[in-house]
Amino acid sequence: MEIGEERAGGALVVAPTGRVDSVNSGELERHLVSRLDAGERRLVIDLAGVEYISSAGLRVLLLAAKRLKPPAGALVLCGIGPSVRTVLELAGFMSLFVVAPARAEALARIEATPAP
């Protein structure tokens, strides 16, 4: 797994690629936690490059969602491919996240959220 990152407007976009599983989910968790600890409060996680996510990866997404629960912040997931969507749906997690089809829509959702 590789983790891309860029600032877009008032949000930080984190874009992991490859598999997010028990072998490497800790890397993604450390990356996200370091950004949240540094004060990031508007986060887009672009999953377009993720081909597989395990329960360990889902736990990392939940951790970020809890830390950014409004009014503390805002989190939007985007670019969810079919295999990742299936895992999220089977786990019953789709309703726990704000989801946008693509990065542009995710950024628009973040910008529409009142600043924490």
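- Here the NZ-CG distance, from Lys66 to Leu96, works out to 9.5 Å after rounding to the nearest 0.5 Å.
- Residue pairs meeting the side-chain hydrogen bond (donor to acceptor under 3.5 Å, both in side chains) criterion with at least one member in residues 13-24, sequence neighbours excluded: Arg19-Asp21.
- By the 4.5 Å heavy-atom criterion applied to side chains, Pro16 and Ile45 are counted as neighbours.
- Hydrophobic clustering (ILVMFWY, side-chain heavy atoms < 4.5 Å, transitive): Leu61 and Val44 are in distinct clusters.
- Put simply, Val33 and Ile3 are part of two different groups of oily side chains (I, L, V, M, F, W, Y) that touch within less than 4.5 Å, one to the next.
- Contact detail for Ala106 and Ala100: the closest heavy-atom pair is N-CB, 3.5 Å.
- The minimum heavy-atom distance linking Ala8 with Val13 is given by the pair CB-CG2, 4.1 Å.
- In terms of hydrophobic clustering, with Ile, Leu, Val, Met, Phe, Trp and Tyr side chains grouped at heavy-atom distances under 4.5 Å, Val87 and Val23 are assigned to different clusters.
- Looking at Arg30, its side chain does come within 3.5 Å of a backbone N or O of Gly26 through a donor-acceptor pair.
- Taking a cutoff of 4.0 Å between a charged side-chain nitrogen and a carboxylate oxygen, Glu40 and Arg67 do not qualify as a salt bridge.
- Note that OG1 of Thr86 and CD1 of Ile80 are 11.0 Å apart. Values are rounded to the nearest 0.5 Å.
- Between the CG atom in Leu90 and the OG atom in Ser55 there is a gap of 12.5 Å [rounded to 0.5 Å].
- Contact check for Ile110 versus Val98: no side-chain heavy atoms found under the 4.5 Å cut-off.
- A donor-acceptor pair is defined here as one N or O able to donate and one able to accept, closer than 3.5 Å; such a pair exists between the side chain of Glu111 and the backbone of Gly10.
- Residues Glu51 and Ser83 come closest through the heavy atom pair O-OG, 2.8 Å.
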> Please walk me through it: do Leu36 and Arg41 pass side chain to side chain contact (heavy atoms under 4.5 Å, CB included)?
Replying inline: CA-CA 7 Å; Leu36 298 174; Arg41 293 295 169 252; 4.2 Å; yes
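- When side chains are defined from C-beta on, Val14 counts as touching His31, because their heavy atoms get closer than 4.5 Å.
- Between atom CZ of residue Phe97 and atom CG of residue Leu88 there is a gap of 6.5 Å, rounded to the nearest 0.5 Å.
- You'll find the side chain of Leu63 stays beyond 4.5 Å of the side chain of Leu32, heavy atoms only.
- Distance CE/Met1 to CG/Leu28: 5.0 Å, rounded to 0.5 Å.
- Both Ile53 and Val99 sit in one connected hydrophobic cluster of ILVMFWY residues. Membership requires side-chain heavy atoms under 4.5 Å apart, directly or through other members.
- Annotation: the span from Arg35 atom CZ to Leu12 atom CG amounts to 7.0 Å, rounded to 0.5 Å.
- Arg42 places a side-chain N or O within donor-acceptor distance of the main-chain N or O of Thr113, the cut-off being under 3.5 Å.
- Both Val60 and Leu62 belong to a common hydrophobic cluster when Ile, Leu, Val, Met, Phe, Trp and Tyr are linked at side-chain heavy-atom distances under 4.5 angstrom.
- Between Val20 and Gly57, the shortest heavy-atom distance links the atoms CG1-CA, 3.6 Å.
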